*Asks:* 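Quick one: structure below, then a few questions.
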Amino acid sequence: MAYIIKPLVTEKMTAVTEKQNNKFGFIVHPKANKIEIQKEIEAKYNVNVVSVNTMRYAGKRKSRYTRSGVIKGQRNAYKKAIVTLKEGETIDFFSNI
């Protein structure tokens with residue numbers, strides 16, 4: 001089963017990666033545990049993972065006002081993993097562009 005959904009490339013995650021060169025973020029499957037995430041990242045990117053920290057985010061309710069009235073919805077809930085690699089290793093997300 002694929003536990004990694006996509007790499008997390010945001011301003012906040014880029015700032016963390018620039019400060020500490022061996023930390024990277026991923027959006028992962030909500031039922032994935034740290035061991036499964038570690039094994040998949042090591043296999044997919046050919047790196048050594050030192051630690052995995054996970055966070056769960058709840059979906060937020062959103063509403064906006066339009067000409068036709070109020071539109072209500074909800075963002076999806078997701079799970080985020082911050083992966084710390086062995087010193088000196090890195091992942092290049094933009095190598096195949």
Side-chain angles (χ1 to χ4, degrees):
M1 180 177 193
Y3 297 108
I4 299 172
I5 297 173
K6 63 181 179 179
L8 193 60
V9 184
T10 60
E11 288 182 28
K12 187 173 183 179
M13 199 62 232
T14 305
V16 169
T17 303
E18 287 175 357
K19 188 184 276 187
Q20 299 170 340
N21 292 332
N22 58 345
K23 289 196 175 194
F24 296 92
F26 295 91
I27 302 293
V28 296
H29 193 274
K31 294 190 178 184
N33 63 31
K34 293 180 181 185
I35 297 167
E36 295 166 339
I37 294 167
Q38 178 180 352
K39 286 181 183 177
E40 187 168 340
I41 289 175
E42 286 177 344
K44 190 171 186 178
Y45 295 105
N46 197 20
V47 293
N48 294 320
V49 176
V50 175
S51 68
V52 178
N53 298 337
T54 58
M55 294 150 266
R56 298 183 75 142
Y57 290 92
K60 295 182 179 178
R61 295 182 185 271
K62 295 284 185 177
S63 63
R64 64 176 187 229
Y65 298 98
T66 63
R67 282 180 156 182
S68 60
V70 178
I71 297 176
K72 294 182 180 181
Q74 185 169 352
R75 278 197 205 158
N76 292 335
Y78 62 97
K79 187 173 189 177
K80 179 168 80 172
I82 306 296
V83 177
T84 305
L85 303 180
K86 189 176 178 182
E87 198 64 38
E89 294 187 346
T90 186
I91 298 173
D92 187 14
F93 295 126
F94 304 108
S95 63
N96 59 357
I97 293 178

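In what follows, every heavy atom counts, from backbone to side chain, and hydrogens, waters and symmetry copies are set aside. Everything numeric here is computed off the predicted structure, so don't read it as measured data.
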*Asks:* Do side-chain atoms of Thr17 reach the backbone of Lys23 as a donor and acceptor pair under 3.5 angstrom?
*Replies:*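 Between the backbone of Lys23 and the side chain of Thr17 there is a qualifying donor-acceptor contact (under 3.5 Å).
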*Asks:* So Phe26 and Ile37, do their side chains get closer than 4.5 Å, heavy atoms only?
*Replies:*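 With C-beta onward as the side chain, the pair stays apart.
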*Asks:* Show which side-chain atoms of residues 8-15 pair as donor or acceptor with protein atoms under 3.5 Å away, not counting sequence neighbours.
*Replies:*
unit_1, atom_1, unit_2, atom_2, d
Thr10, OG1, Met13, N, 3.2
Thr14, OG1, Thr10, O, 2.6

*Asks:* Membership question, hydrophobic clusters at under 4.5 Å side-chain separation (ILVMFWY): are Tyr57 and Val83 in the same one?
*Replies:*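 In one cluster with Val83: Tyr57, no.
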*Asks:* Could you tell me whether the side chain of Thr90 reaches within less than 4.5 Å of the side chain of Asn21, counting heavy atoms only?
*Replies:*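 No. Closest side-chain heavy atoms not under 4.5 Å.
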*Asks:* For a 4.5 angstrom cut-off between non-hydrogen side-chain atoms, does Val47 reach Lys86?
*Replies:*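 Counting from C-beta outward, Val47 and Lys86 never come under 4.5 Å.
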*Asks:* Taking side chain as C-beta onward, heavy atoms only, is Val49 less than 4.5 Å from Leu85?
*Replies:*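 They are in side-chain contact.
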*Asks:* Could you state the interatomic distance from CD1 (Ile27) to NZ (Lys6), rounded to the nearest 0.5 Å?
*Replies:*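 Here the rounded value is 6.0 Å.
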*Asks:* Give a yes or no on whether Ile5 and Tyr78 share a hydrophobic cluster (residues Ile, Leu, Val, Met, Phe, Trp, Tyr; joining criterion: side-chain heavy atoms under 4.5 Å apart).
*Replies:*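 Per the 4.5 Å side-chain linkage, Ile5 and Tyr78 are co-clustered.
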*Asks:* Minimum heavy-atom separation for Lys79 to Arg56, with atom names?
*Replies:*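 In terms of heavy atoms, the two residues are closest at CG-CG, 4.2 Å.
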*Asks:* Less than 4.5 Å apart, side chain to side chain, heavy atoms only: is that true for Ile82 and Met55?
*Replies:*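 When only atoms from C-beta onward are counted, Met55 and Ile82 do touch, with a gap below 4.5 Å.
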*Asks:* Could you pull out the closest heavy-atom pair between Val52 and Gln38, with the gap in Å?
*Replies:*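 Smallest heavy-atom distance, with atoms named: CG2-CB, 4.1 Å.
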*Asks:* Donor-acceptor pair, distance only, cut-off 3.5 Å: does the side chain of Glu89 make one with the backbone of Asn48?
*Replies:*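 Side chain of Glu89 to backbone of Asn48: a pair is present.
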*Asks:* For Glu42 and Lys39, indicate whether the former's side chain and the latter's backbone hold a donor-acceptor pair under 3.5 Å.
*Replies:*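 No: the side chain of Glu42 does not pair with the backbone of Lys39.
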*Asks:* So, do Phe93 and Phe24 sit near enough that their side-chain heavy atoms are less than 4.5 Å apart?
*Replies:*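 With C-beta onward as the side chain, the pair touches.
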*Asks:* Answer yes or no: is there a donor N or O on one side and an acceptor on the other, between the side chain of Glu40 and the main chain of Tyr3, under 3.5 Å?
*Replies:*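 The answer is yes, because a donor-acceptor pair under 3.5 Å joins these two groups.
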*Asks:* Count the heavy atoms belonging to other residues, nucleotides or ligands that lie under 6.0 Å from CD1 of Ile35, then report whether that count exceeds 12.
*Replies:*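 Counting neighbours around CD1 of Ile35, 12 or fewer heavy atoms of other residues, nucleotides or ligands fall under 6.0 Å, so no.
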